[in-house]
Structure formats: structure tokens, C-alpha cells
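Here the structure is laid out as C-alpha cells; the discussion comes afterwards.
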2 protein chains.
Amino acid sequence: MNDESFIAGNAKVVRSINRAMILNLIRTKQPIPRTEIARITGLNKSTVSSIVSGLLQENLVYEQLTSDQNVGRNPVNLFLRKNRYYAGAINIDRELATLAVVDVDGSIIGTATLRTSQGDLHGFIRQAIEEIKRLCRENEIRDLEGIGLTIGGIVDPGNRILSYRPGKRWEDFDVCEAIKKEWPELKIVSVGNDAKSCALAELWFGSSAANLSSFVFVLVGHAINSGIVIDDRLLDGGSQASGEFGHITIIEGGEECECGNNGCWEKYASDSATLKRYRERLSGAKNGKVTLKAVIDSAVHGNKVSIATLKETGYYLGLGIANIIRSIDPKAVILSGNITLAWDIIYPEIIKVLKERAFSGRERDIQIMFSSLSENSRLLGAATLVIKEIFDYYRITSE
Amino acid sequence: MNDESFIAGNAKVVRSINRAMILNLIRTKQPIPRTEIARITGLNKSTVSSIVSGLLQENLVYEQLTSDQNVGRNPVNLFLRKNRYYAGAINIDRELATLAVVDVDGSIIGTATLRTSQGDLHGFIRQAIEEIKRLCRENEIRDLEGIGLTIGGIVDPGNRILSYRPGKRWEDFDVCEAIKKEWPELKIVSVGNDAKSCALAELWFGSSAANLSSFVFVLVGHAINSGIVIDDRLLDGGSQASGEFGHITIIEGGEECECGNNGCWEKYASDSATLKRYRERLSGAKNGKVTLKAVIDSAVHGNKVSIATLKETGYYLGLGIANIIRSIDPKAVILSGNITLAWDIIYPEIIKVLKERAFSGRERDIQIMFSSLSENSRLLGAATLVIKEIFDYYRITSE
DNA sequence: GTTAGTTTGTTTGGCGGAAGAACCAAACGA
DNA sequence: TCGTTTGGTTCTTCCGCCAAACAAACTAAC
């Protein structure tokens with residue numbers, strides 16, 4: 001066992017555990033009175049009072065009297081203080097970067113976009129920071145606690161981008177350093193994998209995940225990436241490469257993939273794969289640029305080719321999700337990406353596959369759903385990298 | 001987030017965390033002096049002394065003076081007390097059950113076997129308990145702390161066997177109750193999945209796992225089961241069905257499997273699959289009962305058919321291990337079962353597949369190895385279910 | 001052998017923080 | 001208006017960790 005990573009307990013650690021637990025309860029369950037916190041946590045009322053008074057002093061939390069219709073003194077509800085701490089968010093996608101400023105409760109204050117494809121990276125970062133500063137000015141935000149950046153590559157715990165297929169130049173570039181150089185006052189700068197960060201965002205801000213402690217978040221786009229959450233914690237993997245379900249072989253000897261292998265899931269179920277299959281079905285017809293949204297739109301209006309294509313995507317999605325269920329056995333698989341706009345078409349196909357392959361009398365225990373964060377999941381993912389640092393986090397586990 | 005499962009911190013919890021941490025250090029690193037414990041844990045010397053004196057009083061630990069050649073007072077080394085707490089172990093396999101009595105340090109005191117196939121289950125349990133009691137008498141052990149039973153099915157946290165394909169009658173049978181009825185004085189009775197328990201045993205007693213905190217343990221036998229360990233904790237899964245890699249599809253539309261699906265990993269890489277392929281290669285020749293050990297034996301002596309068959313098994317093992325690496329990204333994949341006797345034949349094949357499919361410049365980070373517990377892994381797995389309860393276990397995690 | 005220096009382990013006092021009990025506060029209702 | 005109920009605070013006690021001083025046991029150097 002890796003004893004060196006253990007944390008010895010002492011009074012201060014205990015305090016920070018309990019503080020984090022209470023802060024987290026207020027965040028997720030607000031409005032919430034002190035007695036309710038005591039009831040849930042098992043902490044003594046007096047302890048809760050003491051910790052909450054600290055949070056009030058730090059201005060992280062505020063009180064509001066409300067009247068319930070019950071007998072007895074009315075509870076003083078506690079809320080998370082908004083408009084106080086903000087996080088900047090940058091998501092790098094193949095061609096477009098999205099930027100945002102986000103409050104600690106996950107509400108997005110403002111967004112902007114930027115092309116990533118051309119120009120040098122230092123210049124790009126400078127522009128991105130400029131845009132974020134502009135968003136701050138526009139919304140009368142004096143300063144940010146930090147900036148989180150997400151990208152569809154493997155990122156190590158030291159914020160270094162280890163691999164990023166669509167743009168190799170990112171791999172030897174110290175983003176963290178570059179951001180800090182442009183904005184030295186920032187307290188937190190954090191870089192993460194986009195799908196993993198989305199999973200974090202779903203954990204922190206997703207309505208569906210409110211009752212889930214273990215789920216797999218699948219981000220379908222040009223590629224398929226995913227983030228695994230187990231017992232409220234993100235699974236990083238020994239080489240920070242967990243959740244590479246997109247490169248699990250689903251068709252032996254199938255289509256070639258950039259990863260060097262054949263038949264990878266993402267060659268069949270990603271947006272690009274769907275569009276490729278759509279174009280193949282239309283072969284002979286016009287072969288212009290089609291977007292996934294357009295295909296889904298025409299499917300909704302009854303276009304048979306579109307419907308057939310999307311059903312096929314549902315089938316392939318099902319194959320990969322079956323693998324996820326077999327290996328991780330999560331309480332839920334949460335899908336995100338434009339493909340979820342075609343939910344009514346793909347969902348029945350996914351379930352059909354899972355009934356054959358993965359569910360064995362456990363249908364009720366495993367939910368397949370789409371992310372409640374919809375198109376914001378990537379941005380919130382980046383923001384969560386910063387927000388989770390603001391609410392510093394200890395926990396006790398027993399086994 | 002699932003707040004109800006959180007544990008609030010207080011002085012007593014702190015004590016039990018630190019006690020467990022120290023006990024665990026003594027267990028894994030013995031002999032170890034107090035100062036070393038203080039250094040590793042970060043606890044104050046006085047705290048370590050206080051906790052250790054408790055452990056000495058409980059007789060869980062003993063001291064021994066040794067002289068090192070260094071300057072200064074010689075350290076007093078601490079050791080785990082043996083011959084004091086014992087666990088009974090029962091592993092149910094398809095035809096044969098193995099029984100054992102095991103000391104808390106994982107040393108096996110005595111073993112026995114019993115046929116599982118015929119007779120009613122109550123009678124079987126009675127016999128098994130009788131055998132274990134006999135082992136105790138023979139080794140002058142007055143009583144056991146508990147009994148752990150493992151089986152190749154899905155077991156819920158309440159010790160109920162939810163599914164067990166080879167013998168459906170186990171599924172509605174309350175093993176726990178039956179054991180307690182036969183031996184009411186037992187403090188601990190625990191039932192677990194065999195592969196998951198093996199993973200636990202590897203974590204607790206495996207020499208290879210000494211430096212690993214995240215690995216996947218793959219138990220190859222009639223079927224293929226596995227246990228996932230992440231950050232020193234076993235991954236149970238939302239429905240206690242994690243690690244079902246054996247039923248991941250590796251050949252689309254391949255061989256039919258009892259699980260209702262086609263092309264499952266275990267239909268290609270399990271011992272039965274290997275033997276089936278061996279028999280097919282020999283078609284026309286004598287078709288008697290062959291054991292895997294015999295095939296491996298003949299391969300070692302140069303039999304070409306055997307070698308080819310085993311190489312093929314290595315290839316199929318590689319396919320499944322690639323999936324494991326893609327999904328979990330563990331620090332190691334640890335194989336166990338008779339097939340590991342052919343390590344020199346299968347290992348190069350496995351690595352060949354992984355180089356093509358799973359490693360992408362990360363060869364050095366992921367170890368593929370066989371279990372150091374060899375044929376005892378199943379028995380130690382069952383024993384570990386009890387032993388881990390003896391060393392009750394709290395830990396703090398930060399994130 | 002004597003003394004200085006070093007390392008291990010214990011003792012003592014202080015302090016942070018949780019628990020518990022008693023107490024205060026505010027609402028309702030009859 | 002006064003008991004009842006529920007929410008929150010105050011005060012005391014107790015637990016367990018820490019720091020520092022101290023004791024013990026050993027090496028090395030003179």
C-alpha cells in the first residue's frame with residue numbers, strides 16, 4: 001500500500017473536513033437551516049453553529065429568515081454567497097475555443113469564442129485572457145480566483161498536456177505558465193482533460209447527478225472521451241488516461257483509427273462517424289458540408305436517411321456503453337454532446353443493445369441519461385477545475 | 001453528492017484513523033521502529049508512542065530490541081503479533097471447495113478440500129465448518145475471529161449471493177445465516193466475489209502490489225473474473241458488478257456465451273476456451289479429458305500444438321487486457337490462475353497485442369504481471385474478507 | 001573510562017475542536 | 001397568555017494531537 005499518501009488525522013484536519021462537508025451541503029441543498037445540517041452530518045448543533053459562523057465571517061455564505069408553516073421557531077436558511085468568487089473557463093476544441101466567466105454556483109456570467117486553429121499559442125492565450133478580462137469588465141467583476149482550461153487530450157496532475165492529437169503543438173506548450181505570465185495575480189490556474197472535467201462539473205452542478213455518486217460521463221464530439229466518477233471522486237488513472245472507452249475495440253479488424261488501432265468505438269459512434277455514415281448513405285447525391293445538427297433537424301422532420309443514420313449511431317453508442325457497464329458498473333451513464341439532441345431516436349436503440357448485452361436483470365439499477373448541463377458542460381468543466389479548489393476538500397472514507 | 005455516506009470528523013474518528021494507519025504500517029513494513037512510523041505518517045513521536053502502547057496492550061503487536069550499527073540508541077522494532085487472531089476461508093469453485101485457516105499476516109496454517117457438486121447446501125456448509133474446526137484442532141487454534149467465503153458470482157454488500165451461474169441453487173441460499181447457525185460464536189462472517197476478494201488479498205498480502213495503489217486483478221479459470229483496486233480501495237460497482245471484463249465483447253458476433261451475449265472475452269481466453277481450442281486442433285486424434293496443466297506441461301516439453309494453443313490464448317488475453325487498460329488505466333494488471341504457469345509463452349503474446357492496441361508510449365507505466373500469491377490467491381481472498389475487518393479501517397482522502 | 005554527540009522513546013503541559021447539556025429565542029395554537 | 005415545539009447559542013467537559021523537555025541507550029573520540 002502506498003502509505004506515504006495517507007493523511008494523518010488531527011484537530012485541524014477534522015475541522016477542514018467538517019467545514020468542507022457543511023459548505024458542500026449548503027452548496028447542493030440550499031436553502032438549508034443549521035439543524036438540517038446537523039441532522040444530515042451527524043455533527044452536534046453547536047459544532048455546526050461554530051463552523052457556520054466562520055463561513056459567515058468569511059462571507060462565503062449568507063443567512064435569510066424564512067417562515068415555514070410549522071410550529072416552533074422558524075429556521076434561518078443558509079445560502080451560498082454569489083457574486084463574490086468567480087472562475088474563468090477556457091475550453092479548447094478542434095477549431096473553436098469557448099471562454100466564460102462563471103460564478104461559484106455554476107451560473108455562467110458571460111461567454112465568448114475564439115478560433116484556435118491559426119496563430120501561435122502564446123498569441124492565442126494572450127487573446128483568450130484579453131477576452132476573459134473584457135467579460136469581467138462588462139459584468140463588473142473586479143477579479144477572478146483563477147482560470148481553468150480544458151482540452152481533449154491527456155493532462156497530467158502537474159497541468160502538463162501530455163498528448164493532444166488534433167494539434168500536436170499543444171503537447172510541448174506550458175499553458176499554465178503562459179496564462180500566469182499574462183495574468184500574474186491569478187491564484188489558481190488549472191488544466192484538465194475535457195471529458196474528465198465535464199464529469200466533475202456534472203458531479204458538482206448537474207441536477208441528475210444529485211443522487212449519484214458513481215457514474216461515467218461520455219462526451220461525444222469529433223472524438224469520444226469520458227470521465228469516470230466513483231464515490232464522488234474522479235478516477236484519474238495511473239497514467240491519467242482512464243476512461244479511454246473511445247478507443248476500445250468494438251469491431252475486430254474494423255476502421256482504422258488515429259490511435260494506431262482498428263475498430264475503435266469513436267470511429268463508429270462519434271459525430272464525425274455519424275456524418276461519414278450519413279454521407280455514405282447519400283453517395284451520389286450532393287456531398288457538401290453537413291453538420292450533425294442539420295442531420296438531426298431533418299430527422300425530426302421525418303427524413304428517413306437521417307433517421308436510419310442516427311439509429312445506427314444509437315446502436316453503436318449502445319455497444320460502447322455496454323462495455324462501460326461491464327467494466328465499471330456505474331449507477332448511471334451520462335451522455336453529452338450534440339448527438340443528445342436526437343435523444344428520442346438514439347435512446348431506444350441504446351437500450352435495445354444494452355438489454356441484449358449488459359443488463360442482466362439490472363435494468364433498474366443503471367440509468368442512461370443525457371447531461372443536464374447540455375451545451376455548457378465543457379465550459380462548466382473548465383470552471384469546476386477552479387471552483388473545486390475554492391472549496392478545498394477533505395473527506396473521510398471508511399471501508 | 002451522496003452526503004449521507006460522509007463521516008463527520010471527531011477526536012475518536014481521528015484516533016481510529018491514525019491507529020489503523022499505524023497498524024497497517026507495522027503490518028506491511030515490519031520490522032519498523034516508532035520513529036520510522038512517525039516519520040512516514042507525519043504524526044508526532046508522542047502520538048505514535050501512545051497509539052503503539054495501546055496496540056501492545058491489545059496484544060496486536062509486539063516489540064523486539066535489535067541493534068543496528070548506527071550511532072544513537074538502538075530502535076525497538078515493532079512486529080505484528082502472530083498466532084493470535086485467525087480467519088477461516090472457504091472458496092467455492094465449480095466442483096471443488098477449498099478450505100483454510102489463515103493467520104492475520106496471510107500465512108496459511110492448514111488447508112482442506114470438499115466437493116461442492118452434490119448434496120444439499122446446508123449439509124455442505126455443515127461439513128465445511130466441521131473441516132475448518134478440525135483444522136483448528138490440528139493446529140491448536142482455540143477459536144477463529146470469523147469465516148470468509150468467496151464464490152464466482154455477484155455478491156451484494158449484505159453478503160447475499162445475487163447470481164452464480166454454475167449453481168443456481170446458491171442464489172437463494174443465505175450462506176451467512178447457515179454458517180452462523182453452525183458456529184454461532186463467530187464474530188465475523190463475510191461473503192464476497194472471488195476475483196474481487198483476490199484483488200483485496202493481493203492488495204493486503206501480495207508482494208508485487210506493495211507499491212501499487214491501483215491495479216486490476218484478473219482471475220482466469222473456467223470463467224474470467226476480475227477485481228478493480230483504485231487508490232487502495234476495491235471498486236464494488238453500483239450493482240456490485242464491476243470488473244465484468246470477462247463478458248466484454250471482443251469478437252462481434254462471436255461464440256455464444258451463457259450470459260446471453262456473443263463473443264465474450266471469457267469464451268476465448270478462459271481455461272475452458274483454451275482447452276476447447278486445444279481439442280479442436282487435435283480433432284481426429286484422441287479426445288479424452290485433458291487438463292490445462294497437462295497442456296502447459298507438454299508445451300514446456302516442446303509440443304507444438306500445445307505451444308500454438310497457448311500462444312493463441314496469450315493473444316486473446318491481450319485483447320481483453322487492452323480493454324482493461326483503455327478503460328481503467330491501472331498501474332498494473334495482475335493475472336492469476338493456472339494459465340500463468342505458461343507465463344513465458346503467453347507474456348510475449350500479451351505484450352505484442354498491447355503494444356499495438358493499448359500502450360501509447362506508456363509501456364513503462366503499466367505492468368503486466370502474475371500474482372505473487374499463486375494458487376493461494378482464492379483462499380487468501382476469502383481470508384482477507386475477515387482479516388480486513390479485524391484491522392478496522394478508516395482513512396482520510398483529500399482532493 | 002570518560003565525555004560529547006546522536007538517535008530513540010517517554011512525559012508533561014497546552015491547545016484546538018467536537019460533544020453534550022442547559023439555556024435562550026421565536027414561532028404556533030388553544 | 002402560556003405551554004409546546006423547533007431553531008440556535010453558550011458553557012463546560014473531554015479527547016487526542018503537538019511541542020518541548022527529558023530520559024535512555026548507543027557510538028565515537030580522546
Side-chain angles (χ1 to χ4, degrees), chain A residues 6-23 25-26 29-57 61-79 394 396, chain B residues 6-23 25-26 29-57 61-79 394 396:
Chain A
F6 289 176
I7 296 175
N10 65 45
K12 280 186 182 166
V13 172
V14 167
R15 182 62 155 204
S16 78
I17 289 169
N18 292 340
R19 198 192 90 113
M21 189 163 57
I22 288 176
L23 196 49
L25 264 177
I26 295 173
K29 296 230 203 300
Q30 65 174 339
I32 186 171
R34 289 171 174 79
T35 38
E36 178 77 359
I37 295 176
R39 201 185 54 73
I40 294 176
T41 59
L43 288 168
N44 193 281
K45 291 196 294 178
S46 60
T47 309
V48 174
S49 265
S50 151
I51 291 174
V52 166
S53 84
L55 295 175
L56 286 168
Q57 225 160 33
V61 154
Y62 67 96
E63 293 178 311
Q64 199 170 70
L65 256 158
T66 43
S67 69
D68 55 3
Q69 297 323 53
N70 297 326
V71 284
R73 175 176 171 179
N74 282 342
V76 181
N77 276 318
L78 298 169
F79 296 82
Y394 281 94
I396 301 177
Chain B
F6 288 177
I7 296 175
N10 64 45
K12 279 186 182 165
V13 172
V14 167
R15 183 60 155 206
S16 76
I17 290 170
N18 292 340
R19 198 192 92 112
M21 189 163 58
I22 288 176
L23 195 50
L25 264 177
I26 295 173
K29 296 230 204 300
Q30 66 173 335
I32 186 172
R34 288 171 174 78
T35 37
E36 178 76 359
I37 294 175
R39 202 187 52 75
I40 293 175
T41 59
L43 288 168
N44 192 281
K45 292 194 295 178
S46 61
T47 308
V48 174
S49 265
S50 150
I51 291 174
V52 166
S53 83
L55 295 176
L56 286 168
Q57 225 160 31
V61 153
Y62 67 96
E63 294 178 309
Q64 199 170 69
L65 255 157
T66 43
S67 70
D68 54 3
Q69 298 323 52
N70 296 326
V71 285
R73 174 176 170 177
N74 282 343
V76 180
N77 276 319
L78 297 169
F79 295 83
Y394 282 93
I396 301 178

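Each chain gets a letter, A, B and so on, in the order its sequence line appears, and its residues count up from 1.
Taking 4.0 angstrom as the limit, B/Asn74 places none of its side-chain polar atoms (N or O) nearer than this to OP1 or OP2 of C/dT7. Residue B/Arg34 places no side-chain N or O under 4.0 Å from the OP1 or OP2 atom of C/dT7. Neither OP1 nor OP2 of C/dG17 sits under 4.0 Å from any side-chain N or O of A/Arg19. OP1 or OP2 of C/dA19 sits under 4.0 Å from a side-chain N or O of A/Thr47.
Rounded to whole Å, the distance from CG on A/Leu78 to P on D/dG7 is 13 Å. Between the C1' atom of C/dG9 and the CD1 atom of B/Ile51 lies a distance of 15 Å, rounded to the nearest Å. One atom, CD of A/Gln64, and another, P of D/dG8, lie 14 Å apart when rounded to the nearest Å. Atoms CG (A/Asn77) and P (D/dT6) sit 17 Å apart, rounded to a whole Å. Atom-to-atom, CG of A/Leu43 to P of D/dG8 comes out at 15 Å; the value is rounded to the nearest Å. Protein atom CD1 of A/Ile40 is 13 Å distant from nucleotide atom P of D/dG7, rounded to whole Å. As a whole-Å value, the separation of B/Asn18 CG from D/dC18 C1' is 12 Å. Nucleotide C/dT10 holds its C1' atom 15 Å from the CD1 atom of B/Ile37, rounded to whole Å.
When each of C/dG16, C/dG9, D/dC17 is scored by its nearest atom to the side-chain atoms of B/Val14, the top-ranked nucleotide is D/dC17. Checked against C/dA19, C/dT7, D/dC18, the side chain of B/Arg73 finds its nearest nucleotide in C/dT7. When distances run from any side-chain atom of A/Lys45 to the nucleotides D/dG16, D/dG8, C/dG9, the shortest one goes to D/dG8. Candidate nucleotides D/dG16, C/dG9, C/dG17 were compared by shortest atom distance to the side chain of A/Lys12, and C/dG17 ranks first. Checked against C/dG9, D/dC18, C/dG17, the side chain of A/Arg15 finds its nearest nucleotide in C/dG17. Side-chain proximity of A/Thr35 to C/dT12, D/dG8, C/dG9: nearest is D/dG8.
For a distance-only test at 3.5 Å, the side chain of A/Asn44 fails to qualify as a donor-acceptor partner of the base of C/dA18. If you check distances only, the side chain of B/Ser46 does reach the base of D/dA19 with a donor-acceptor pair under 3.5 Å.
A pairwise comparison of heavy atoms in B/Ser50 and B/Arg15 identifies OG-NH2, 2.8 Å as the closest pair. Nearest heavy-atom pair across B/Gln64 and B/Phe79 is CB-CE1, 3.6 Å.
The CG atom of A/Leu56 lies 12.0 Å from the CD1 atom of A/Ile51; values are rounded to the nearest 0.5 Å.
Side-chain contact between B/Leu55 and B/Ile26 is present, with heavy atoms from C-beta onward closer than 4.5 Å. Between A/Leu78 and A/Ile37 there is a side-chain heavy-atom pair separated by less than 4.5 Å. Side-chain contact between A/Glu63 and A/Arg34: present, with at least one pair of heavy atoms (C-beta onward) separated by less than 4.5 Å.
Using a 4.0 Å heavy-atom cutoff across all strands shown, A/Val48 reaches no nucleic acid atom at all.
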